[in-house]
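Everything on this sheet refers to the single structure shown next.
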Amino acid sequence: MTDRTSLPHGADAVPARSWWGWGDPGQALPDAECAELAALVPGAAGTALPVPSIASLELPPVRVSAPRTLAHLVSGAPAVRAGHTYGKAFRDVVRALRGDLAAAPDLVAFPREERDVVDLLDWASGADVAVIPYGAGSSVVGGVEYRAGTHAGVLSMDLSGMGRVLEIDRVSRSARIQAGALGPGLEAQLRPHGLTLRHFPQSFAFSTLGGWLATRAGGHYATLHTHIDDLTAALRVVTPAGVSESLRLPGSGAGPSPDRLFLGSEGTLGIITEAWMRLQDRPVHKASASVVFDRFPAAVDAVRAIAQSGLHPANCRLLDPGEAALSGVAGGGGSVLVLGVESAHHPVDGRLAELVALARDHGGSPTSGTPAAGDSAAEAWRSAFLRMPYIRDGLARMSVISETFETACTWDRFPELYEAVHRDVGAAVRAATGAEPIVNCRFTHVYPDGPAPYFTVVAPGRRGSEVAMWDAVKAAAMRTLGEHRATVTHHHAVGRDHRPGYDRQRPEPFALALRAAKQALDPAGILNPGVLFDPAG
């Protein structure tokens, strides 16, 4: 007897997305709220940058046209081109607000099946048209912006029309899913089967499975299966040299993994069209708690003990005093640890009590006498977490520089890294803006051998110079991370913005192997040029 289901044809509707900023356009902050936010940043601009209308935009002329056989798959409409010009980094938002769309693609393609992807790549390879794979455009590292400048044309390939869960193997607890599936649509298709992928990045509502795979995305869950890599069983990838399909297995020692070649390749080696993903039963038992620490170093020690305990909390977010205050989780100068546990099969209160006891042993004070009482703090953090990108956009409209960068390092290196970011990146912000910055930190994920710190830097900028200031802060962050042997990115990917740091971090023999793979799989050099390695490399 088999328990495998082939699902009917039909992709979910793609939700409306802002062409200039993050997510749902209806959730963007109004002018008055932008001004209220900016009032918290001394020296910020007094008025909000207006949001340009699509009709007012000056887009570069379209330089190429698709052959007649592919014309039904592509669009050159101004609104479509504008919405596919940039990702969602601070510098992307500011340039869009300025109406600077010089990097707009000539055309945007909407393939409906894999054969369309093959045909589009065949045409682009022969016509010297760069192809930028596009899931939902949530990149914050310049991953979907064309900057190479030498191709005859640019095609943004939007995979959102390929969003179906094609097949479910309930026995092996896995599913074959098209790469264009957005997070909510993917989970909606799994829910009737009692299953979940259990991968919830901050961009969940506005990102796709293919984007997660291509960037080695990290999910919301803080321990154990933190990255999409851990949930991937097999990939199907269309390259200009042919289609690569790996064998679905629970594990294998047969040479280098073909999936590992494409995971994190950011659309430079091929376009992921399908994946077999490992699923889990949907959790029914959940509990959460929060713990306050007077001293941040003691809180770090507590999290290290938890990460090395084998208890594997689903949530283990440590907020330093500034981040706790900014998120509205706690004030008074304390650090806050938000803990959460869940299970599909057994109660979790006992495990949560063990985690709280570990935190208490290191000087933490639970918010009340029972573990479940921490729910309000956890919900406050969750609400702030989901609202943060809209707040960042509101600050950008007030010319407030807002940069976030995430990394990972070993536990022994973290205290020095934390101090260096405040000292060296803070100095770079002061040099660029002339103002005192806000520098906060939280742990997004933790491992037995180290944390994944996520830093936020906020400072007033000079109107008209926001992008240059942001670039200076980004460069300082990359230097500081490299000097302290921390990765240039834990889950945001490399894109184009992290390239300088990645070039220094990556071993040169591996760089040679990557360039050879690029030449073999994409000999015309059309796939996302400028990401991971130089176009001519």
Side-chain angles (χ1 to χ4, degrees), residues 6-7 9-15 17 73 84 87 108-121 124 131-139 143-144 155-168 174-190 197 199-201 203-219 227-240 242-246 248 258-279 493 495 521-522 527-528 531:
S6 295
L7 300 178
H9 183 87
D12 289 341
V14 177
R17 296 196 297 267
L73 298 174
H84 288 76
V108 179
F110 297 90
R112 305 294 297 180
E113 57 186 3
E114 187 179 279
R115 182 71 246 177
D116 297 337
V117 176
V118 172
D119 292 343
L120 287 162
L121 284 187
V131 176
I132 313 297
Y134 187 100
S138 61
S139 171
V144 296
L155 176 76
S156 176
M157 191 180 297
D158 186 321
L159 277 293
S160 59
M162 298 171 60
R164 302 187 304 279
V165 175
L166 299 171
E167 192 174 355
I168 291 178
S174 57
R176 181 167 65 96
I177 308 169
Q178 288 184 311
L182 287 157
L186 188 160
E187 287 293 329
Q189 293 175 78
L190 296 177
L197 182 60
H199 184 80
F200 301 105
S203 61
F204 174 72
F206 304 101
S207 57
T208 63
L209 173 63
W212 303 341
L213 295 165
T215 60
R216 297 182 66 194
H227 279 76
I228 198 68
D229 313 31
D230 305 318
L231 309 176
T232 304
L235 295 178
R236 187 172 171 90
V237 186
V238 174
T239 81
V243 176
S244 172
E245 182 174 15
S246 59
R248 178 168 63 116
D259 294 337
R260 291 284 174 175
L261 177 64
F262 293 108
L263 287 166
S265 63
E266 301 190 34
T268 60
L269 303 178
I271 296 179
I272 298 167
T273 56
E274 294 179 11
W276 274 100
M277 304 301 298
R278 300 183 177 100
L279 306 177
L521 296 175
D522 180 24
L527 285 172
N528 219 4
V531 172

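- Shortest non-hydrogen contact noted between A233 and D259 is O-OD2, 3.6 Å.
- Closest of all the heavy-atom pairs between P240 and D522 is CG-OD1, 3.7 Å.
- For the pair L120 and A109, the tightest heavy-atom approach, listed with the atom from each and the gap, is CD1-CB, 3.7 Å.
- Side-chain contact between E114 and V243 is present, with at least one heavy-atom pair separated by less than 4.5 Å.
- In R176, the CZ atom is crowded: over 12 heavy atoms of neighbouring residues, nucleotides or ligands sit closer than 6.0 Å.
- Taken from CD in E113 to CE in M162, the straight-line distance is 8.0 Å, to the nearest 0.5 Å.
- Looking only at distances, a side-chain donor or acceptor of E187 sits under 3.5 Å from a matching main-chain atom of L197.
- Rounded to the nearest 0.5 Å, atoms CE (M157) and NE2 (H84) are 11.5 Å apart.
- S265 contributes no side-chain N or O that, together with a main-chain N or O of T268, makes up a donor-acceptor pair within less than 3.5 Å.
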**Request:** Decide yes or no on side-chain hydrogen bond (donor to acceptor under 3.5 Å, both in side chains) for E266 and T215, but give the supporting numbers first.
**Result:** CA-CA 5 Å; E266 301 190 34; T215 60; over 6 Å; no
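- Between H199 and W212, the ring planes are tilted. Angles from 30° to 60° get that label.
- L186 is listed as a side-chain neighbour of L209, based on a closest heavy-atom distance under 4.5 Å.
- Taking both residues in full, the closest heavy atoms of R164 and G161 are given as NH1-O, 4.5 Å, listed atom of the first, atom of the second, then distance.
- One distance of note links CG of L527 with CG of L121; it measures 6.0 Å at 0.5 Å rounding.
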**Item:** Residue pair T232, R278: steps toward the side-chain hydrogen bond (donor to acceptor under 3.5 Å, both in side chains) verdict
**Value:** CA-CA 6 Å; T232 304; R278 300 183 177 100; over 6 Å; no
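- Here the shortest heavy-atom pairing between V144 and G87 reads CG2-N, 3.6 Å.
- Under the 4.5 Å side-chain criterion, counting only non-hydrogen atoms from C-beta, L235 is in contact with L263.
- Listed here is the closest heavy atom pair of A275 and L213: CB-CD1, 3.7 Å.
- Remark: side-chain polar atoms of S203 are not paired, donor with acceptor, to backbone N or O of F206 under 3.5 angstrom.
- A donor-acceptor pair under 3.5 Å is absent between the side-chain atoms of D119 and the main chain of D116, judged by distance alone.
- One finds the CD atom of E274 at 9.5 Å from the CH2 atom of W276 (value rounded to the nearest 0.5 Å).
- The line from CD1 of I177 to CG of L279 is 6.0 Å long, rounded to the nearest 0.5 Å.
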**Request:** Take I271 and V131 through the side-chain contact (heavy atoms from CB on, under 4.5 Å) test and state the conclusion after the steps.
**Result:** CA-CA 10 Å; I271 296 179; V131 176; 4.2 Å; yes
**Request:** Give the C-alpha distance, both sets of side-chain angles, the deciding distance and a yes or no for side-chain contact (heavy atoms from CB on, under 4.5 Å) between V165 and L190.
**Result:** CA-CA 8 Å; V165 175; L190 296 177; 4.2 Å; yes
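- With hydrogens and angles ignored, the 3.5 Å screen pairs no side-chain donor or acceptor of S160 with any backbone N or O of G180.
- Judged by distance alone, with hydrogens and angles left aside, the side-chain atoms of N528 form a donor-acceptor pair with the main-chain N or O of G143 at under 3.5 Å.
- At a cut-off of 3.5 Å, with distance as the only test, a side-chain donor of S174 or R248 sits close to an acceptor on the other residue.
- For the atom pair CD1 (I228) and CE (M277), the distance works out to 4.0 Å, reported to the nearest 0.5 Å.
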**Request:** Test side-chain contact (heavy atoms from CB on, under 4.5 Å) on V237 and E245 and set out the steps.
**Result:** CA-CA 6 Å; V237 186; E245 182 174 15; over 6 Å; no
**Request:** Report the C-alpha distance between F110 and L159 in whole Å, list the side-chain angles of each, state the deciding distance to 0.1 Å, and finish with yes or no for side-chain contact (heavy atoms from CB on, under 4.5 Å).
**Result:** CA-CA 6 Å; F110 297 90; L159 277 293; over 6 Å; no
